[in-house]
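Shown next, in structure tokens, is the structure this report addresses.
Lettering of chains follows the sequences in order, A, B, ..., and the numbering in each one begins at 1.
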Amino acid sequence: MTMRLRFAPSPTGYLHVGGARTAVFNWLLAQSAGGVFVLRIEDTDRARSSDEHTQVILDGLSWLGVTWDEGPFFQSEGVERHRADALRLLAEGKAYRDFSDPEQVRAEAKERGMHPSKVAREQADALGADGSDQRAVAGDPFAVRFRVPDGEAVFHDLVHGEMRFGSDDVDDLVILRSDGTPTYNLAVVSDDAEQGITLVLRGDDHLSNTPKQVLLYQALGYAQPTFAHVPMILGSDGKKLSKRHGATAVGDYSGQGILPEAMFNFLALLGWSPGDDREFMSIEELTEAFSADRLLKSASVFDTEKLEWLNGRHLAARPTEELVRALEEGLDGPGVERLGDPVWTAALLELIKPRSRTMNDLVEQARPFVTDDLAFDDKAVEKHWLKSPGEARERLSALLEAFSGVAWTHDELESALRGAAAKLEVGAGKVIHPLRVALTGNMASPGIFDVLVQLGRERSEQRVNSALERLAEAGAEEHESLS
RNA sequence: GCCCUCAUCGUCUAGUGGCCUAGGAUAUCGCCCUCUCACGGCGAAGACCGGGGUUCGAGUCCCCGUGGGGGUACCA
């Protein structure tokens, strides 16, 4: 029998990393086992669901590379079937009409220290089958409750093993509301059965719902699937992941320059491991290594730092052409046409790749090389220029002179610069730092000779010249304030 | 309250009764490389939640606590 799996998000918000991880596990299992992966949107809560949210979820899955074989199906399309299932249980005496007022039942249950469903069942039994029929015919509104049979609900869970729940701990649940709409627990069972799902892999927040569902499978005469309840993903404080923790939607991370394959890799490693020491893995390797029996039981914390480290590794592994495309999208204004030179751009990428963890980093690192509109870091300017504008000027003009005759190569520039520094009787660093600010506007950059070569003679000299102008102004002001 | 569930370095994890003096990764710190920042290399520090059992032997099995999470809805 081919394995059939499903991912069934509710479109009540964005695609949460926890949901994304569940989708990743399902996908991985379907791929590695040659199974079928079904996508179902659980949109029965019309008030909170929206097409917009559905689209965000679909986009998020596509971004991650999670593809589905069937669907998306919409739970709302199955309401007639859900209702028919509920009514069948009622007809077979496996469910009963509940005419009671929820408020009143809750109050009474609280007073008598019992569960509301017990009170509801008591009232229904007191009414009797005939009484129930009469009130129904008379048009009294009622909900339908499942009459939980005595015995045990048993199911097999791939991560928790055999699970047994006594029916005493399962309460008679409403399966059809008094407005005629089906409830979640009935709808999932009906849909999973209809769609032939053989393995339900979902978050363990559903673990306590499972006995109810198992009992419904049996009452309805549907084949019961195997389950796999995977642990939840927590925020950095060990609490349930929420907006407080910042980004929790996969879309947020793509906006921050996280690569989909890195996110996929990271999510796959949350609650699962290949059993050896591999961490940096391609989707192919993950598919190859994945197996449900290595799924973990305990919740894990979503650690952004490690995600970024992993992203850096995936970024370094990306083919140059793809990174170029990202730079083209991330940068604009005069100068971007330089990216059209594949040799120049490839060289640039070699310089900035090891210094970048996210795509956003990469774009920012590339900026001073690509555009001529430099953004100066105030701290860098203060430290390497304005502390002593005179010295900075002297050193930069010396460099301009020293560079004027030499071939524009890493080694030639290096000996020219070191020679100039020696002549000024200062360490090479003393000239390198003001030069770095002139060329990049920043305190940190790739090696200074690489920067010079990458910028080329003309642009390098222009930048040094405009630095000198700025320093001349600063020097004049300094003079004024001193006099 | 009741029911369920989980528990190894800060974090992700390896560990299925002797291979554990508890391994790896990340983060942190130090050193090396060096013009800065990264990368890289080397090194340090860092964990079996507590208590009882079972056993010749327990991180690993059992029980009880404690802590976290979930459920207990005419939400999904």
Over how many whole Å does the gap from [X] atom [atom1] to [N] atom [atom2] extend?
X        : N      : atom1 : atom2 : result
A:Arg164 : B:rC3  : CZ    : P     : 18 Å
A:Asp157 : B:rC6  : CG    : C1'   : 13 Å
A:Met443 : B:rC35 : CE    : C1'   : 14 Å
A:Phe449 : B:rC35 : CZ    : C1'   : 7 Å
A:Lys212 : B:rC74 : NZ    : C1'   : 13 Å

May I ask which nucleotide in the shown strands pairs with [N], Watson-Crick or G-U wobble, both distances under 3.5 Å?
N      : result
B:rG1  : B:rU72
B:rC49 : B:rG65
B:rA25 : B:rU11
B:rG30 : B:rC42

Return the orientation label for the A:Phe449 and A:His410 ring planes: parallel under 30°, perpendicular over 60°, tilted otherwise.
-> perpendicular
Is the A:Phe227 ring parallel, tilted or perpendicular to the A:Tyr217 ring (thresholds 30°, 60°)?
-> perpendicular
Does A:Ser236 put a side-chain nitrogen or oxygen below 4.0 Å from OP1 or OP2 of B:rU11?
-> no
Does A:Arg106 make a side-chain N or O approach to OP1 or OP2 of B:rU72 shorter than 4.0 Å?
-> no
Picking from [options], which would you name as closest to the side chain of [X]?
X        : options                : result
A:Lys297 : B:rC6, B:rG70, B:rC12  : B:rC6
A:His160 : B:rG71, B:rU5, B:rC74  : B:rU5
A:Asp277 : B:rG71, B:rG23, B:rC12 : B:rG23

What I want to check is whether an N or O donor and acceptor connect the side chain of [X] with the base of [N] at under 3.5 Å.
X        : N      : value
A:Lys306 : B:rC12 : yes
A:Arg355 : B:rC39 : no
A:Ser445 : B:rC37 : no

Which residue lies more 5' along RNA chain B, comparing A:Pro446 with A:Ser208 via nearest heavy atoms = A:Pro446
Starting at the 5' end of RNA chain B, which residue's closest nucleotide do you reach first, A:Arg294 or A:Asp172?
-> A:Arg294
A:Asp204: partners by salt bridge (charged side-chain N to carboxylate O under 4.0 Å, His left out), with sequence neighbours left out | none
Steps toward side chain to side chain contact (heavy atoms under 4.5 Å, CB included) verdict (A:Leu216, A:Leu89) = CA-CA 9 Å; A:Leu216 283 171; A:Leu89 291 178; 3.9 Å; yes
How would you label the contact of A:Leu269 with the nucleic acid (heavy atoms, under 4.0 Å): base, sugar-phosphate, or nothing?
-> sugar-phosphate
How would you label the contact of A:Leu296 with the nucleic acid (heavy atoms, under 4.0 Å): base, sugar-phosphate, or nothing?
-> sugar-phosphate
How long is the gap from CG on A:Leu259 to CG on A:Leu64, to the nearest 0.5 Å?
-> 11.5 Å
Evaluate the side-chain proximity of A:Thr358 to A:Gln256: yes if any heavy-atom separation is below 4.5 Å, no if none is.
-> no
